[in-house]
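I have placed the structure first, in the form of structure tokens, so that the comments after it can refer back to it.
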Number of protein chains: 2
Amino acid sequence: MRPLFHPAIEDIQPEAILYALSDPERAAIFAWLAGAGCGGTCSALADLGDRTIPKSSLSNHFKVLRESGLIRSERQGVEMRNQTRCAELDERFPGLIKAILTAYGQLPEQWKVD
Amino acid sequence: MRPLFHPAIEDIQPEAILYALSDPERAAIFAWLAGAGCGGTCSALADLGDRTIPKSSLSNHFKVLRESGLIRSERQGVEMRNQTRCAELDERFPGLIKAILTAYGQLPEQWKVD
DNA sequence: TTCCGTAGTTCAGAAATTCGGAACTGTTGA
DNA sequence: TCAACAGTTCCGAATTTCTGAACTACGGAA
């Protein structure tokens with residue numbers, strides 16, 4: 001398995017973010033991670049919503065999220081812990097992530113401080 | 001030519017917006033329309049940036065923007081006038097459009113009132 | 001009217017992308 | 001050493017995107 005690629009914060013492209021989150025399934029995964037706080041794993045998502053997502057698709061979703069700069073993934077023993085890069089992202093693209101999650105109606109509770 | 005479809009404001013889906021604007025060329029067209037104020041035409045864009053965009057591609061870009069709910073197109077004589085639906089959109093998805101244009105570094109001057 | 005030019009749309013096939021099952025890799029625990 | 005589990009990679013099928021060419025729509029000139 002090749003090492004995981006994470007773009008530097010300054011290399012993150014807005015089009016990559018929008019593309020990654022233009023898939024509702026990916027957006028839901030991201031929102032779930034954003035709400036979960038601690039690193040969510042891939043298999044914890046076997047069935048997000050009502051459908052069972054094949055694990056190759058799931059793996060690919062995480063890859064897209066990771067390579068667009070939305071999440072950071074780190075192997076921890078046998079599983080892969082994923083966490084959002086929200087703080088960095090909000091600095092680089094102010095208000096973007098929050099506006100997107102809000103648009104999807106998936107803004108995590110703890111973000112609603114305003 | 002079939003009549004142009006425009007979604008009602010309440011039918012606009014966030015994923016469609018993100019998808020439409022995840023193409024930098026389309027995002028640039030949208031930003032240009034947002035800045036232009038009055039209705040921009042298709043052919044005024046023959047070469048946005050450095051590349052000449054084929055008109056069938058351009059037509060398709062406008063279609064995607066229109067059907068996602070980002071713009072409204074109206075035939076005016078021989079040409080097609082396009083304008084953004086920013087006011088409506090900002091009510092439905094607060095801050096979204098502004099955050100996206102800002103992320104692309106394409107926020108029109110007149111929006112920078114804050 | 002008819003014809004011409006301009007603006008934009010539709011069509012169709014080639015190219016690129018996405019999806020997901022099957023096989024594989026890496027890690028842990030027995 | 002082996003089995004089980006988490007996740008990745010591979011690869012072919014299905015879908016989507018791209019764009020040149022043909023087409024439609026409108027307006028103006030004769």
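A note on names: the letters A, B, ... follow the listed sequences, proteins ahead of strands, and every chain is numbered from 1.
For the pair A/G77 and A/H61, nearest-nucleotide mapping onto DNA chain C gives the more 5' position to A/H61. Nucleotides of DNA chain C nearest to A/D23 and B/F62 differ in position, and the one nearer the 5' end is that of B/F62.
A straight line from CD1 of B/I53 to P of D/dT19 spans 9 Å, rounded to a whole angstrom. Residue B/R75 contributes atom CZ, which lies 7 Å from atom C1' of C/dA7 at whole-angstrom precision. Nucleotide D/dT24 holds its C1' atom 13 Å from the CG atom of B/L4, rounded to whole Å. One atom, CE of B/M80, and another, P of C/dT6, lie 18 Å apart when rounded to the nearest Å. Whole-Å rounding puts the A/R66 CZ to D/dT9 C1' distance at 12 Å.
Closest contact between the side chain of B/Y19 and the listed nucleotides D/dC26, D/dT17, C/dG21 involves D/dT17. Picking from C/dA7, D/dG7, C/dT10 the nucleotide with the shortest atom distance to the side chain of B/V78 gives C/dA7. Of the listed nucleotides (C/dG8, C/dG20, D/dG7), D/dG7 has the atom at the smallest distance from the side chain of A/T41. Side-chain proximity of B/K55 to the nucleotides D/dT19, D/dA22, D/dA6 is greatest for D/dA22. Nearest to the side-chain atoms of A/P54 among the listed nucleotides C/dG5, C/dG20, C/dG8 stands C/dG20.
An OP1 or OP2 oxygen of D/dT19 is reached within less than 4.0 angstrom by a side-chain nitrogen or oxygen of B/S57. The shortest distance between the side-chain N/O atoms of B/S56 and the OP1/OP2 oxygens of D/dG20 is not below 4.0 Å.
Remark: the backbone N or O of B/L33 is not paired with any side-chain donor or acceptor of B/Q83 at under 3.5 angstrom. Without hydrogens or angle criteria, B/S22 side chain to B/Y19 main chain gives a donor-acceptor distance under 3.5 Å.
Separating the CG atom in B/N82 from the CG atom in B/L65 is a distance of 8.5 Å, to the nearest 0.5 Å. Within the model, atoms CD of A/E79 and OG1 of A/T41 stand 5.0 Å from one another, a figure rounded to the nearest 0.5 Å.
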